[in-house]
*Asks:* 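I have a structure here, written as structure tokens, and I will follow up with some questions on it.
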Amino acid sequence: MTTADFPYRITAHDPAAYTDDELAQSCEFGNVLQAEVLPDDPPTPLDDLIANHRATPARLRRYAFRAWNDEGSLVGRAVTNIDPEHDDNPDLLQVDVLVLPEHRRHGLGGRLLAELVTVAKKENRTRLHFNTNEPVPAGAAFAASLRAAPKMAMHVNHLPLADVDRAQLEQWVADAATRSADYELIGWDDRTPDEHLERWVDIVLVMNTAPRDDLDINDFTYTAEIAREHELQREATGAQAWTLVARHRDTGEWAGFHDVYHSPSAPTIVWVGATGVRPEHRGAALGKWLKAAMTLRVLDERPDVTEIRTGNADSNDAMLGINRAMGYKPFIASTAWELSVDDAEAWLRHRNLTP
């Protein structure tokens, strides 16, 4: 669609059918937006994006809308995915609306939103969820104009390894001999061994006990199939994972876990996947032990890494207490928002953008 007052064309796509050339357009577009949030990070390599995209499970229903300027350049994008076999929140649609900086405030975000509202109605969804990042204030401004409700405040927190108190971490590990004496650590690199897969899937589900603030969402699903899919996507880009599990000595029960990821395309950064401890095993300093042991390994075996990053809800006092004691600092603030489809439609009608 293009008019004299709206000099953009919007096209609908099935991302599963993207060619390498179309993925190259996505990569260039995404790297411009990434540079707004993370200007010092290396751009995503095209080969990584293509490999990750091709490893995406075929069962997903994927919708994408692309906006083009009159010169034929990709300047906006709106996307959403639905997993029909693991649809944990069948009334909700997680969406992204993205516009390049120089093309904002021209109505393009609203037009792209209209396309997603059409998808939501087709899929019988009544709520939209999306996230914004503080370094891009246009996102929060758009959310406010929609009268979306902020539901969760979060941060990416990071640990500059040059600031780490190694002696403190070593003391935490030493303290585990007494404070966590009923437990032992086991671990593996990369793929979860077959003999551990069932227990791994079960322990990951402890993350359903993490704070959700005002997010009205159901517990997420995690299965052996999903775990293996995640591993395949990671391996497609050459990324590596390290995993630690705290196991109760007497019962063999897995009490907690901590995992991290490292990609060769971002050699100075390690990302935390998650850290969780079962409620009945909390109070034995397992989180401190897991994180200290892993961080010491990063220091010893990843000399090029300069920081570890992790995402946390701002209300997660227990985890933030450990992180702050380790030296983690706030890095990027973000917000999760909710907007009803009815309110989105009303906003669009008011602007003559009804899909």
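We're numbering straight along the sequence, starting at 1.
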*Asks:* Is it the case that more than 12 heavy atoms not belonging to R147 sit under 6.0 Å from its CZ atom?
*Replies:* no
*Asks:* Nearest heavy-atom pair of W347 and S145: which atoms, and what distance?
*Replies:* NE1-O, 3.0 Å
*Asks:* What are the two closest non-hydrogen atoms of A138 and R104, and how far apart are they?
*Replies:* CB-CD, 3.9 Å
*Asks:* Let me see the working for D48 and S263 under side chain to side chain contact (heavy atoms under 4.5 Å, CB included), right down to the final yes or no.
*Replies:* CA-CA 10 Å; D48 281 12; S263 172; 4.2 Å; yes
*Asks:* Are F142 and V341 joined in one hydrophobic group, where the rule is that I, L, V, M, F, W and Y side chains link up if heavy atoms are under 4.5 Å apart?
*Replies:* yes
*Asks:* Side chain to side chain contact (heavy atoms under 4.5 Å, CB included) for E231 and D190? Distances and angles first, verdict last.
*Replies:* CA-CA 8 Å; E231 291 170 346; D190 300 320; over 6 Å; no
*Asks:* Is a side-chain donor-acceptor pair under 3.5 Å present for D314 with H155?
*Replies:* yes
*Asks:* Count I, L, V, M, F, W, Y as connected when their side-chain heavy atoms are under 4.5 Å apart, and connections chain through other members. Are L92 and I82 then in the same cluster?
*Replies:* no
*Asks:* Can N52 and T237 be counted as having a side-chain donor-acceptor contact under 3.5 angstrom?
*Replies:* no
*Asks:* Do R282 and T209 meet the criterion of a side-chain donor-acceptor pair at a distance under 3.5 Å?
*Replies:* yes
*Asks:* Thinking salt bridges, do D91 and R127 make one under a 4.0 Å N-O criterion?
*Replies:* yes
*Asks:* Strictly below 4.0 Å, N to O, side chains only: are D300 and R166 in salt-bridge contact?
*Replies:* yes
*Asks:* So, are D83 and R62 salt-bridged, with charged N and O less than 4.0 Å apart?
*Replies:* no
*Asks:* Which is it for E123 and Y63 under the side chain to side chain donor-acceptor pair (under 3.5 Å) test, yes or no, and what are the steps along the way?
*Replies:* CA-CA 11 Å; E123 296 282 353; Y63 297 89; 2.5 Å; yes
*Asks:* Does any donor atom in the side chain of T268 or E307 lie under 3.5 Å from an acceptor atom in the other side chain?
*Replies:* no
*Asks:* Considering non-hydrogen atoms only, spot the tightest contact between G287 and V277 and give its length.
*Replies:* N-CG2, 4.0 Å
*Asks:* Kindly give the heavy-atom pair with the smallest separation between A236 and A55, and that separation in Å.
*Replies:* CB-CB, 4.3 Å
*Asks:* Using only heavy-atom distances, determine whether the side chains of R302 and Q240 contain a donor-acceptor pair under 3.5 Å.
*Replies:* yes
*Asks:* Is it the case that more than 12 heavy atoms not belonging to R351 sit under 6.0 Å from its CZ atom?
*Replies:* yes
*Asks:* Please tell me whether S334 and N131 have a donor and an acceptor in their side chains that are separated by less than 3.5 angstrom.
*Replies:* no
*Asks:* Considering non-hydrogen atoms only, spot the tightest contact between G256 and L290 and give its length.
*Replies:* C-CD1, 4.0 Å
*Asks:* Check the side chains of T251 and H248 for a donor-acceptor pair under 3.5 angstrom, ignoring hydrogens and angles.
*Replies:* yes
*Asks:* Can a side-chain donor-acceptor contact be found between W337 and T132 if the only test is distance below 3.5 angstrom?
*Replies:* yes
*Asks:* With distance as the sole test, does S180 use its side chain to make a donor-acceptor pair with the main-chain N or O of Y183 at under 3.5 Å?
*Replies:* no
*Asks:* Run through T275, T295, T243 and flag the one making a side-chain hydrogen bond (donor to acceptor under 3.5 Å, both in side chains) with H258.
*Replies:* T275
*Asks:* Are any of the side-chain nitrogens in D219 or R212 under 4.0 Å away from the carboxylate oxygens of its partner?
*Replies:* yes
*Asks:* Going through the checks in order, is the side chain to side chain contact (heavy atoms under 4.5 Å, CB included) test met by R278 and E253?
*Replies:* CA-CA 10 Å; R278 296 188 191 276; E253 182 179 11; 3.6 Å; yes
*Asks:* State whether the number of non-hydrogen atoms from other residues, nucleotides or ligands found under 6.0 Å of E134 atom CD is greater than 12.
*Replies:* no
*Asks:* Are E301 and W242 packed together at the side-chain level, in the sense that at least one heavy-atom pair is separated by less than 4.5 angstrom?
*Replies:* yes
*Asks:* With a 4.0 Å cut-off, would you call R61 and D87 a salt bridge?
*Replies:* no
*Asks:* Return the minimal non-hydrogen interatomic distance between A313 and P211, and the atom names on each side.
*Replies:* CB-O, 4.4 Å
*Asks:* Any ion pair linking E229 and R59 (charged N to carboxylate O, less than 4.0 Å)?
*Replies:* yes
*Asks:* Crowded around R105 CZ? As in, over 12 foreign heavy atoms under 6.0 Å?
*Replies:* no
*Asks:* Indicate yes or no for a side-chain donor-acceptor contact from E22 to the backbone of T19 under 3.5 Å, with no hydrogens or angles considered.
*Replies:* yes
*Asks:* So, applying side-chain contact (heavy atoms from CB on, under 4.5 Å) with Y328, which one of L159, I322, D163 is it?
*Replies:* L159
*Asks:* Any chance CD of E198 has more than 12 other-residue heavy atoms, nucleotides or ligands included, within less than 6.0 Å?
*Replies:* no
*Asks:* Other hydrophobic cluster members with I203, side-chain heavy atoms of Ile/Leu/Val/Met/Phe/Trp/Tyr under 4.5 Å, chained?
*Replies:* I186, W188, L197, W200, V201, V204, L205, V206, M207, F220, Y222, I226, V245, W254, F257
*Asks:* Does the plane of the ring in Y8 sit parallel, tilted or perpendicular to the ring in H106? Use 30° and 60° as the thresholds.
*Replies:* tilted
*Asks:* With a 4.0 Å cut-off, would you call D41 and R309 a salt bridge?
*Replies:* yes
*Asks:* Can you list the steps and then say if D189 with R297 is a salt bridge (charged side-chain N to carboxylate O under 4.0 Å, His left out)?
*Replies:* CA-CA 12 Å; D189 294 353; R297 184 181 177 192; 2.9 Å; yes
*Asks:* For I269, which fellow cluster members are found when Ile, Leu, Val, Met, Phe, Trp and Tyr are connected by side-chain heavy-atom distances below 4.5 angstrom, either directly or through intermediates?
*Replies:* V37, L38, V136, V156, W271, F331, I332
*Asks:* Please check if the distance between the ring centroids of H13 and Y18 is under 6.0 Å.
*Replies:* yes
*Asks:* Indicate whether the side chain of N323 and that of K329 have a donor and an acceptor atom separated by less than 3.5 Å.
*Replies:* no
*Asks:* Is the shortest side-chain N to carboxylate O distance from R228 to D194 below 4.0 Å?
*Replies:* yes
*Asks:* Will you find, in the side chains of N157 and N312, an N or O donor that is under 3.5 Å from an N or O acceptor?
*Replies:* yes
*Asks:* Quiz question: by atom type and distance under 3.5 Å, do the side chains of D21 and Q25 form a donor-acceptor pair?
*Replies:* no
*Asks:* Is there a path from L296 to V272 through hydrophobic residues (I, L, V, M, F, W, Y) whose side chains come within less than 4.5 Å of each other?
*Replies:* yes
*Asks:* State yes or no: do L215 and L93 share one hydrophobic cluster built from I, L, V, M, F, W and Y residues joined by side-chain heavy-atom distances below 4.5 Å, directly or via other members?
*Replies:* no
